[in-house]
**Student:** 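Here it is, the structure in full.
Per chain, numbering begins at 1; letters A, B, ... match sequence-line order.
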Number of protein chains: 2
Amino acid sequence: MTKVIQVKPPRVFSDLKPWLQNHYQDLPKRLQSVAVFAMHNPDVIALNTIASISEQVGVTPSAMVRFAKSLGYQGFSDMQMVFQESMRHVPQPYSERLNSMQRSADTKQTVLSHFTQAASESIARLEHNVDANALLKASEQLAQARVVYIAGQGRAEPVVAYLHYTLVKLGVHSVVLTGMPHSMADKARMLKEDDVLLAISFSPYTANTRELVDICLANNTNVVALTDSTLSPIARGDDFHLEVLEEEVSGFRGLSATMCLALCLAVETGRVRAELGNQ
Amino acid sequence: MTKVIQVKPPRVFSDLKPWLQNHYQDLPKRLQSVAVFAMHNPDVIALNTIASISEQVGVTPSAMVRFAKSLGYQGFSDMQMVFQESMRHVPQPYSERLNSMQRSADTKQTVLSHFTQAASESIARLEHNVDANALLKASEQLAQARVVYIAGQGRAEPVVAYLHYTLVKLGVHSVVLTGMPHSMADKARMLKEDDVLLAISFSPYTANTRELVDICLANNTNVVALTDSTLSPIARGDDFHLEVLEEEVSGFRGLSATMCLALCLAVETGRVRAELGNQ
DNA sequence: ACCTAAACGAAATATATATTCCAAATTGTG
DNA sequence: CACAATTTGGAATATATATTTCGTTTAGGT
């Protein structure tokens with residue numbers, strides 16, 4: 001049997017790279033080709049089949065298997081997992097474990113750290129994923145509104161309260177839509193064309209908020225939606241929607257990133273309004 | 001045969017997202033679950049097998065295939081290619097960032113980034129500064145309460161709403177104290193010794209919330225306080241107070257860290273309550 | 001140049017994975 | 001409430017993919 005490097009192979013890509021450099025010299029010719037290719041195109045290794053990769057490298061499929069085995073992996077598939085992990089954008093297990101490990105055996109601290117970790121990740125993702133253009137458009141809509149009506153239930157209610165509080169402080173005329181479902185619907189029908197509905201809704205989506213959106217769209221009243229998914233029933237092609245996804249910890253979703261976005265939306269609205277010269 | 005959307009399905013991920021949004025409503029329940037998951041975890045779809053993904057989504061493998069087909073793809077594998085392409089030349093963050101950058105004249109992106117940075121810093125500080133013991137004690141107080149009465153005004157109101165929402169979901173009997181100042185005071189005087197007041201208050205401190213705390217302490221009712229400073233008038237030696245300080249951006253204070261702490265407090269309360277064996 | 005040991009490629013095999021099919025359950029409708 | 005249509009889960013099937021095997025080739029040492 002061909003010589004196999006005895007020590008356990010690296011299970012994370014960042015370890016694999018320097019590790020492979022050391023053993024590169026000792027590899028047979030074909031296997032060196034594979035090594036060079038793998039270091040230059042990790043994404044190809046991660047995503048393609050042996051047949052496809054080996055063709056690109058210019059070797060036979062069996063060479064790929066030998067390569068993986070000579071590195072100490074069980075087979076090609078085993079090695080491929082390491083490459084796949086390197087391009088997953090949610091190394092949540094890692095960061096979570098690391099964080100927990102750093103903290104000493106204090107259980108309460110680690111519980112909090114789970115939540116802070118989730119919050120940080122949610123916020124980081126928010127920053128990367130938010131459509132800046134959508135944010136601007138939404139702010140403009142709100143800034144131009146005669147009155148901003150805010151609606152949302154359940155987990156969205158704190159967001160409603162915060163947006164209301166901040167918008168009022170900024171001098172934007174805003175009203176929270178409350179009450180029984182049918183009375184809310186009645187109120188929604190009263191909105192004028194120069195009003196705006198600011199609807200906040202998260203999964204599981206309440207039928208009520210959705211109904212309000214339907215009513216407003218039917219009346220040509222503009223709608224700005226804040227939701228956790230573009231697939232939300234309140235997100236339509238003809239409104240302005242912002243998306244924020246909260247990381248969940250053992251079944252609980254926070255509101256850290258959502259609140260951050262809400263504040264930003266409110267402040268931007270104030271800024272745009274000031275630019276437009278409304279008092 | 002199940003209804004299939006006729007038009008050719010999108011071959012690039014960025015087209016798939018809005019496209020799915022339009023057809024989302026028409027999908028069966030299980031297929032909607034898949035859709036939501038797919039939009040939230042594209043990397044999982046790209047890298048895992050049907051069996052693994054379907055387990056994570058909570059549906060059967062055949063549902064995954066039906067999903068792909070109902071979208072017009074030949075099968076799951078066909079659809080998976082689209083997801084793989086999206087992460088092919090690895091750094092998706094870059095391309096996405098660039099895209100957002102050129103789309104907007106860079107001002108919006110940086111405005112949001114100010115807020116996200118402030119939020120992240122606040123959360124990091126929260127993690128270091130929180131007194132783990134105080135958190136535990138506070139949770140125990142809330143867990144042992146017959147009824148938790150929650151009070152807070154202004155910027156604290158969203159926190160009140162969130163704590164109320166989460167505690168109720170966890171089966172903790174909790175009530176929000178609302179109304180005119182003097183009627184709230186009257187209500188506060190009704191609290192029994194085995195009730196707990198959960199008071200949230202931030203600078204500038206409202207006299208009202210402070211008064212409630214005074215009343216409860218005089219009546220030997222336990223108080224758990226959530227504030228932005230130990231110097232807050234509602235934080236006393238003889239109550240249990242948690243402290244969270246939000247970084248401010250051009251005069252505006254967010255609630256990201258506060259919400260994180262609130263969720264943690266609520267979940268801990270639920271956990272302690274379960275440990276105590278209360279129904 | 002010969003011999004030996006390692007490396008290699010092609011095909012056979014084993015395994016994993018996706019897809020199809022159908023009966024049961026669910027949902028919507030008259 | 002019953003009927004029809006749709007949706008769903010699980011097993012059977014088909015396909016794709018990795019792995020092993022083995023005869024052949026190559027390279028290095030004497």
Side-chain angles (χ1 to χ4, degrees), chain A residues 1-6 9 20 23-38 42-85 204 207 231 233, chain B residues 1-6 9 20 23-38 42-85:
Chain A
M1 183 183 183
T2 168
K3 189 179 280 178
V4 170
I5 294 157
Q6 280 89 350
L20 190 53
H23 297 276
Y24 175 75
Q25 323 268 20
D26 311 332
L27 291 173
K29 199 161 34 175
R30 288 316 141 91
L31 269 36
Q32 288 187 349
S33 312
V34 177
V36 170
F37 181 89
D43 56 307
V44 173
I45 305 287
L47 260 27
N48 295 68
T49 66
I50 276 203
S52 159
I53 300 166
S54 60
E55 194 187 3
Q56 293 182 56
V57 181
V59 300
T60 57
S62 20
M64 298 299 303
V65 177
R66 271 200 302 276
F67 175 73
K69 291 208 163 182
S70 73
L71 260 51
Y73 294 101
Q74 273 197 299
F76 171 79
S77 303
D78 187 29
M79 182 187 73
Q80 193 179 38
M81 287 180 193
V82 176
F83 282 79
Q84 290 185 344
E85 284 308 320
L231 296 180
Chain B
M1 181 182 183
T2 172
K3 189 178 281 176
V4 170
I5 294 155
Q6 281 87 352
L20 189 54
H23 299 279
Y24 175 73
Q25 327 263 17
D26 310 331
L27 291 173
K29 197 162 33 176
R30 238 25 87 88
L31 270 37
Q32 287 187 350
S33 311
V34 178
V36 170
F37 182 89
D43 56 304
V44 173
I45 305 288
L47 294 171
N48 294 65
T49 67
I50 276 202
S52 157
I53 299 165
S54 60
E55 193 187 4
Q56 292 183 54
V57 181
V59 301
T60 55
S62 17
M64 299 299 302
V65 177
R66 273 201 302 276
F67 174 73
K69 291 208 162 180
S70 73
L71 261 50
Y73 294 101
Q74 275 197 296
F76 172 79
S77 304
D78 187 30
M79 183 188 73
Q80 193 180 40
M81 287 181 193
V82 176
F83 282 79
Q84 290 186 342
E85 282 309 319

**Student:** Starting at CZ of B:Arg66 and ending at P of C:dC21, how long is that distance when rounded to a whole Å?
**Tutor:**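 Interatomic distance, CZ of B:Arg66 to P of C:dC21: 14 Å.
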**Student:** Would you please name every residue forming a ring-ring contact (aromatic ring centres under 6.0 Å, His included) with A:Phe83, sequence neighbours left out?
**Tutor:**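 Partners of A:Phe83 under the ring-ring contact (aromatic ring centres under 6.0 Å, His included) test: A:Phe13.
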**Student:** Which listed nucleotide (D:dT8, D:dT19, C:dT19) is nearest to the side chain of A:Lys69?
**Tutor:**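 My answer, after comparing the listed nucleotides, is D:dT19.
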**Student:** Can you confirm whether B:Ile45 sits close enough to B:Met79 that some side-chain heavy atom of one is under 4.5 Å from a side-chain heavy atom of the other?
**Tutor:** yes
**Student:** Could you give the angle between the helix axes at the two ends of the helix from C:dA1-D:dT30 to C:dG30-D:dC1, with five pairs per end, rounded to 10 degrees?
**Tutor:**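 That helix has its two terminal axes inclined by roughly 30°.
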**Student:** How long is the line joining CZ of B:Phe67 and P of D:dG9, in whole Å?
**Tutor:** 15 Å
**Student:** Return the set of residues passing side-chain hydrogen bond (donor to acceptor under 3.5 Å, both in side chains) with B:Asp26 (not counting sequence neighbours), or none when no residue passes.
**Tutor:** none
**Student:** Give the rounded distance in Å between these two atoms: CG of B:Leu31 and P of D:dG9.
**Tutor:** 10 Å
**Student:** Can you check the B:Met64 CE to D:dG10 C1' distance for me, whole Å?
**Tutor:** 17 Å
**Student:** With salt bridge (charged side-chain N to carboxylate O under 4.0 Å, His left out) as the rule and sequence neighbours excluded, what pairs involving residues 53-64 of chain A come up?
**Tutor:**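 Non-adjacent pairs meeting salt bridge (charged side-chain N to carboxylate O under 4.0 Å, His left out): zero.
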**Student:** C:dT19, OP1 or OP2 - any side-chain N/O from B:Ser77 closer than 4.0 Å?
**Tutor:** yes
**Student:** I would like to know whether B:Tyr73 and B:Val82 meet side-chain contact (heavy atoms from CB on, under 4.5 Å); could you show each step before the answer?
**Tutor:** CA-CA 10 Å; B:Tyr73 294 101; B:Val82 176; 3.8 Å; yes
**Student:** Taking all non-hydrogen atoms of both residues, which atom of B:Asn48 and which atom of B:Gln80 are closest, and how far apart?
**Tutor:** O-NE2, 2.8 Å
**Student:** With sequence neighbours left out, what residues match A:Ala35 under side-chain contact (heavy atoms from CB on, under 4.5 Å)?
**Tutor:** A:Leu20, A:Tyr24, A:Leu27, A:Phe67
**Student:** Tell me whether the side-chain N/O atoms of B:Arg30 come closer than 4.0 Å to OP1 or OP2 in D:dG9.
**Tutor:**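 It does, given that an N or O in the side chain of B:Arg30 lies less than 4.0 Å from OP1 or OP2 of D:dG9.
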**Student:** Is it the case that atom CD in A:Gln74 sees more than 12 heavy atoms from other parts of the structure closer than 6.0 Å?
**Tutor:**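 No, the 6.0 Å shell around CD holds no more than 12 heavy atoms from other groups.
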**Student:** Could you check how far CD of B:Gln80 sits from P of D:dT17, rounded to whole Å?
**Tutor:**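 Checked: the CD to P distance equals 10 Å.
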**Student:** Rounded to the nearest Å, what distance is computed from the CD atom of residue A:Gln74 to the P atom of nucleotide C:dT15?
**Tutor:** 13 Å
**Student:** Rounded to the nearest 0.5 Å, how far apart are CD of B:Gln84 and CG of A:Leu47?
**Tutor:** 4.0 Å
**Student:** Enumerate all atom pairs, one protein N or O and one N or O from nucleotides 3-6 of chain D, separated by less than 3.5 Å.
**Tutor:**
none

**Student:** How close or far is atom C1' of C:dT17 from atom CG of B:Asp78, stated in whole angstroms?
**Tutor:** 16 Å
**Student:** Which atoms of nucleotides 23-28 of chain C (N or O only) lie under 3.5 Å from a protein N or O atom, and what are those distances?
**Tutor:**
unit_1, atom_1, unit_2, atom_2, d
C:dT27, OP1, B:Lys29, NZ, 3.2

**Student:** When we call it a touch if two heavy atoms are under 4.0 Å apart, what does A:Ala51 touch: a base, just sugar-phosphate, or nothing?
**Tutor:** sugar-phosphate
**Student:** Test of understanding: with side-chain contact (heavy atoms from CB on, under 4.5 Å), list the residues that count as partners of A:Thr49, not counting sequence neighbours.
**Tutor:** A:Ala51, A:Ser52
**Student:** State the OG-CZ distance between A:Ser70 and A:Arg30, to the nearest 0.5 angstrom.
**Tutor:** 14.5 Å
**Student:** Between D:dA18, C:dT20, C:dT17, which nucleotide gets closest to the side-chain atoms of B:Val65?
**Tutor:**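 It is C:dT20.
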**Student:** Quick one: pull up CE in B:Met64 and CD1 in B:Ile53 and give me the separation to the nearest 0.5 Å.
**Tutor:**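 The distance works out to 5.0 Å.
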**Student:** Of all of residues 52-62 of chain A, which get a heavy atom below 4.0 angstrom from DNA chain C, listed by number?
**Tutor:** A:Thr60, A:Ser62
**Student:** Do B:Ser54 and B:Thr60 have side chains that get closer than 4.5 Å, going by heavy atoms?
**Tutor:** no
**Student:** For B:Ser33, which residues count as a side-chain hydrogen bond (donor to acceptor under 3.5 Å, both in side chains) partner, sequence neighbours excluded?
**Tutor:** none
**Student:** Whole angstroms only, please: what is the CZ-P distance between B:Phe76 and C:dT20?
**Tutor:**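 Atom-to-atom, B:Phe76 to C:dT20, this comes out as 14 Å.
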